[in-house]
Asks: 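Dumping the structure here so I can ask a few things about it.
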Amino acid sequence: MLKCLPFWKGCNRHVDYIDKRHCNLTQIPEDILRYVRTLEELLLDANQIRELPRGFFRLAQLRKLTLSDNEIARLPPDIGNFMSLQELDISRNDITDIPENIKFCRNLQVADFSCNPLSRLPDGFTQLRNLTHLGLNDVSLARLPPDIGSLSNLESLELRENLLKYLPSSLSFLVKLKTLDLGSNVLEDLPETIGSLPSLEELWLDCNELSELPPEIGNLKRLTQIDVSENKLERLPDEMSGLLHLTDLILSQNSIEYLPEGIGNLRKLSILKMDQNQLLHLTPAIGNCIAMQELILTENLLSDVPTSIGRMKLLANFNVDRNRLTEIPKEIGQCSKLGVLSLRDNRVLYLPSEIGNLKELHVLDVSGNRLQHLPITMGSCNLKALWLSENQAQPMLKFQTDYDEDLGTKVLTCFLLPQEAYHTESMENLLKGSVATDQDSRLSWNEHTRSSVKFAGEELDGSEGSDDESHLVRRVTPHPKQLKARHPHLFKEKVIQDLPPSPEAPSSSGEEEVSEDDELHMEYIERHVDFTGLETEAELAEKESKLRRRDTPHHLKNKRIGGADPDSAEEKVRAILAQAITGQSMDEGGSEEVRSLATE
């Protein structure tokens with residue numbers, strides 16, 4: 001296999017592989033058309049190609065063609081000329097229709113049409129009997145072809161993020177199918193034929209509307225992974241105990257209250273995620289899952305943990321945040337591989353001393369509990385992070401040794417212990433659909449006592465005889481005339497205070513007149529509406545005695561302070577100082593005479 005380099009102009013005979021990905025191409029390079037007899041693999045991903053020329057389909061020997069992440073809007077019918085094509089990737093384009101001639105690409109084994117606005121498949125599509133991998137993610141499919149089972153060699157079928165509401169019964173004919181991805185659709189139920197896929201190993205059903213799983217799902221003996229998170233499941237069928245090869249079981253964000261007793265038969269189960277459910281009790285049979293490595297039970301209603309958890313010797317991550325646990329069984333110390341133990345937001349009072357046996361424990365989160373102290377044996381753990389509070393600044397703290405009189409043993413304590421006696425509600429519980437820990441936090445807003453305001457003479461529906469009726473009464477706003485009649489002392493007329501005329505501005509007539517300066521001293525009391533009893537007498541007196549800003553008199557306008565002659569100002573200052581000194585000397589002389597007379 002020989003790669004084509006741009007400076008090899010004459011290499012037009014033995015080129016079978018060309019890679020032009022991420023080259024900012026806007027069209028198919030003409031140089032590629034020189035190798036119609038030898039080119040087998042052409043990679044043109046991540047460009048800006050908008051159309052495929054007719055000469056492009058003369059590459060009859062092409063076996064692999066990738067055109068993903070371009071701007072192609074139309075796939076010509078000439079695509080049927082690629083009779084040797086085995087792998088086709090045209091995902092992430094703008095193709096709205098797949099031509100019927102695609103059925104002539106009979107050697108096609110891998111096809112990916114994801115992220116295109118297709119909405120339907122051509123009728124001849126199911127004639128591609130050699131297809132092994134088919135990708136139809138995010139193509140707005142509302143239904144599958146009724147004869148989808150004709151693709152008997154299909155091993156992987158990806159249908160994520162579509163609009164599928166049901167599955168055709170012919171799906172059971174895909175006996176070689178190993179991976180089936182139906183996540184993010186609108187499926188409300190699974191057909192019984194789902195159990196007729198003997199080769200199925202991975203089943204993805206997350207983000208749908210499933211309320212139950214058919215019992216036939218227990219027939220999938222080779223199933224290793226199943227994801228049914230974000231559905232509406234309330235229970236699991238007992239037949240799931242037949243999934244002996246199951247390793248990953250994802251059940252997050254459902255409404256499951258109990259796990260079947262048969263869960264203990266899943267000896268190969270290594271990951272179980274049941275966060276955000278309604279789990280009330282964890283069956284002791286869970287201890288038989290001896291291969292368990294990750295157990296996530298966050299945001300449930302668990303009040304205890306079974307002692308059989310000590311059988312999980314390989315358990316590395318155990319998370320039971322935001323439950324109702326009051327104690328942790330001492331058998332937790334037998335999980336020798338445990339590295340992360342999270343007990344946040346529970347009601348735990350004490351930790352067992354056996355927790356010191358967890359030599360590989362490096363993260364312990366017990367914030368939001370009611371711990372009085374920590375066991376002295378915790379010093380044996382190789383902790384790198386110990387969280388006692390949500391707002392803790394450092395992952396590790398300095399502990400002191402103390403003596404517990406109730407237990408008669410030495411314990412560890414610090415400034416964060418004992419913890420507060422109330423339960424800390426986490427912010428995640430405020431999200432819609434999440435499970436709170438305390439019963440009080442489960443009350444809806446409508447259940448809280450609320451006061452109401454109503455008009456006088458009116459009664460709310462259903463509120464007659466209620467003891468919780470509010471004493472607040474809404475009254476009609478009175479008219480200003482009514483307010484004036486009720487409170488006449490609040491409406492004062494304008495008061496004009498006349499001052500005697502200034503001698504510097506004599507009046508031209510014998511009658512007494514008001515000068516412009518006097519008008520500045522007129523006090524105005526504006527009419528306003530107020531409520532009685534809201535202001536004290538002291539506040540009213542203070543309000544009347546406040547300084548008011550007056551306008552500058554007319555005869556003093558355009559005059560500046562300190563605008564006099566500086567020489568005359570200096571002379572006035574000297575005269576004032578001299579007068580002060582003379583007065584001081586006279587005072588001193590008078591005082592001396594008084595002293596002399598007193599001595600005589």
Side-chain angles (χ1 to χ4, degrees), residues 282 284 286-287 290 292-300 302-424 426 437-438:
L282 189 60
I286 195 71
I290 56 178
M292 187 74 70
Q293 299 180 13
E294 184 175 356
L295 181 58
I296 309 297
L297 301 173
T298 307
E299 293 192 44
N300 279 279
L302 294 174
S303 57
D304 59 353
V305 175
T307 57
S308 60
I309 195 173
R311 303 176 192 171
M312 301 180 182
K313 307 297 182 180
L314 301 178
L315 187 62
N317 185 1
F318 183 37
N319 192 322
V320 283
D321 294 343
R322 293 180 288 281
N323 278 272
R324 297 179 177 179
L325 300 179
T326 57
E327 61 179 358
I328 302 298
K330 62 181 181 179
E331 287 77 9
I332 193 70
Q334 301 176 11
C335 302
S336 56
K337 297 293 183 180
L338 193 60
V340 178
L341 176 59
S342 186
L343 307 171
R344 177 187 293 263
D345 293 345
N346 279 279
R347 304 172 183 177
V348 180
L349 297 175
Y350 299 97
L351 291 179
S353 58
E354 287 78 7
I355 202 170
N357 300 332
L358 304 177
K359 305 300 181 180
E360 298 187 11
L361 185 65
H362 57 272
V363 176
L364 175 61
D365 190 348
V366 289
S367 61
N369 281 275
R370 302 173 184 177
L371 291 176
Q372 301 298 314
H373 49 69
L374 297 177
I376 192 68
T377 57
M378 189 168 290
S380 303
C381 301
N382 187 22
L383 285 175
K384 298 180 181 178
L386 174 58
W387 301 102
L388 296 175
S389 175
E390 290 188 359
N391 57 355
Q392 184 174 321
Q394 299 294 332
M396 288 300 295
L397 302 170
K398 293 183 179 180
F399 294 92
Q400 296 82 33
T401 303
D402 196 2
Y403 183 80
D404 188 356
E405 297 180 356
D406 297 335
L407 299 178
T409 59
K410 291 183 178 181
V411 295
L412 295 178
T413 185
C414 67
F415 71 97
L416 291 177
L417 294 173
Q419 292 176 331
E420 296 292 338
Y422 63 89
H423 177 74
T424 304
S426 181
T437 305
D438 286 338

Asks: Less than 4.5 Å apart, any side-chain heavy atom of I376 and any of S353?
Replies: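 I376 does not reach S353 side chain to side chain.
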
Asks: The criterion is side-chain hydrogen bond (donor to acceptor under 3.5 Å, both in side chains); which residues satisfy it with S308, sequence neighbours excluded?
Replies: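 With neighbours one apart ignored, the set is empty.
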
Asks: Applying ring pair (Phe, Tyr, Trp, His ring centres under 6.0 Å) as the test, list every pair that has at least one member in residues 313-366; sequence neighbours left out.
Replies: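 Passing the test, one end in residues 313-366: Y350-H373.
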
Asks: Once rounded to the nearest 0.5 Å, what's the spacing between atom CD of Q372 and atom CG of L374?
Replies: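 Those atoms lie 11.0 Å apart.
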
Asks: Would the number of heavy atoms belonging to other residues, nucleotides or ligands and lying under 6.0 Å from NZ of K359 be above 12?
Replies: yes

Asks: What distance separates N319 CG from E299 CD, expressed to the nearest 0.5 Å?
Replies: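 With rounding to 0.5 Å, CG (N319) is 10.0 Å from CD (E299).
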
Asks: Hey, does L364 have a side-chain heavy atom less than 4.5 Å from the side chain of L351?
Replies: yes

Asks: Report, one line per pair, each donor and acceptor closer than 3.5 Å where one atom sits in a side chain of residues 310-317; sequence neighbours left out.
Replies:
residue: R311; atom: NH1; partner: N288; partner atom: OD1; Å: 2.8
residue: K313; atom: NZ; partner: G310; partner atom: O; Å: 3.4

Asks: Please answer whether the main-chain N or O of N323 pairs with a side-chain N or O of N300 as donor and acceptor at a distance below 3.5 Å.
Replies: no

Asks: Is the closest side-chain heavy-atom distance between I332 and V305 below 4.5 Å?
Replies: no

Asks: Testing the basics here: between C381 and G356, what is the closest heavy-atom pair and its distance to 0.1 Å?
Replies: SG-CA, 3.9 Å

Asks: Between atom CD1 of I328 and atom CD of E354, what is the distance when rounded to the nearest 0.5 Å?
Replies: 12.5 Å

Asks: Quick one: pull up CG in D365 and CG in L343 and give me the separation to the nearest 0.5 Å.
Replies: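 It comes to 8.0 Å.
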
Asks: So do the side chains of I309 and I286 get within less than 4.5 Å of each other, counting heavy atoms only?
Replies: no

Asks: Stepwise, does the side chain to side chain donor-acceptor pair (under 3.5 Å) test hold for S367 with R344?
Replies: CA-CA 5 Å; S367 61; R344 177 187 293 263; 3.2 Å; yes

Asks: Looking only at heavy atoms, which two atoms of P306 and P284 are closest? And how far apart?
Replies: CB-CA, 4.0 Å

Asks: Hey, are the side chains of T326 and L349 touching, using non-hydrogen atoms and a 4.5 Å cut-off?
Replies: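 Contact flag for T326/L349 side chains = no.
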
Asks: Any side-chain heavy-atom pair from D345 and D321 closer than 4.5 angstrom?
Replies: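 No. Closest side-chain heavy atoms not under 4.5 Å.
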
Asks: Any side-chain to backbone donor/acceptor pair from N369 onto L325? Under 3.5 Å, distance only.
Replies: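 Judged by distance alone, no pair lies under 3.5 Å.
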
Asks: Between N357 and I355 (side chain of the first, backbone of the second, donor and acceptor by atom type, cut-off under 3.5 Å), is there such a pair?
Replies: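 Such a contact is absent between N357 side chain and I355 backbone.
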
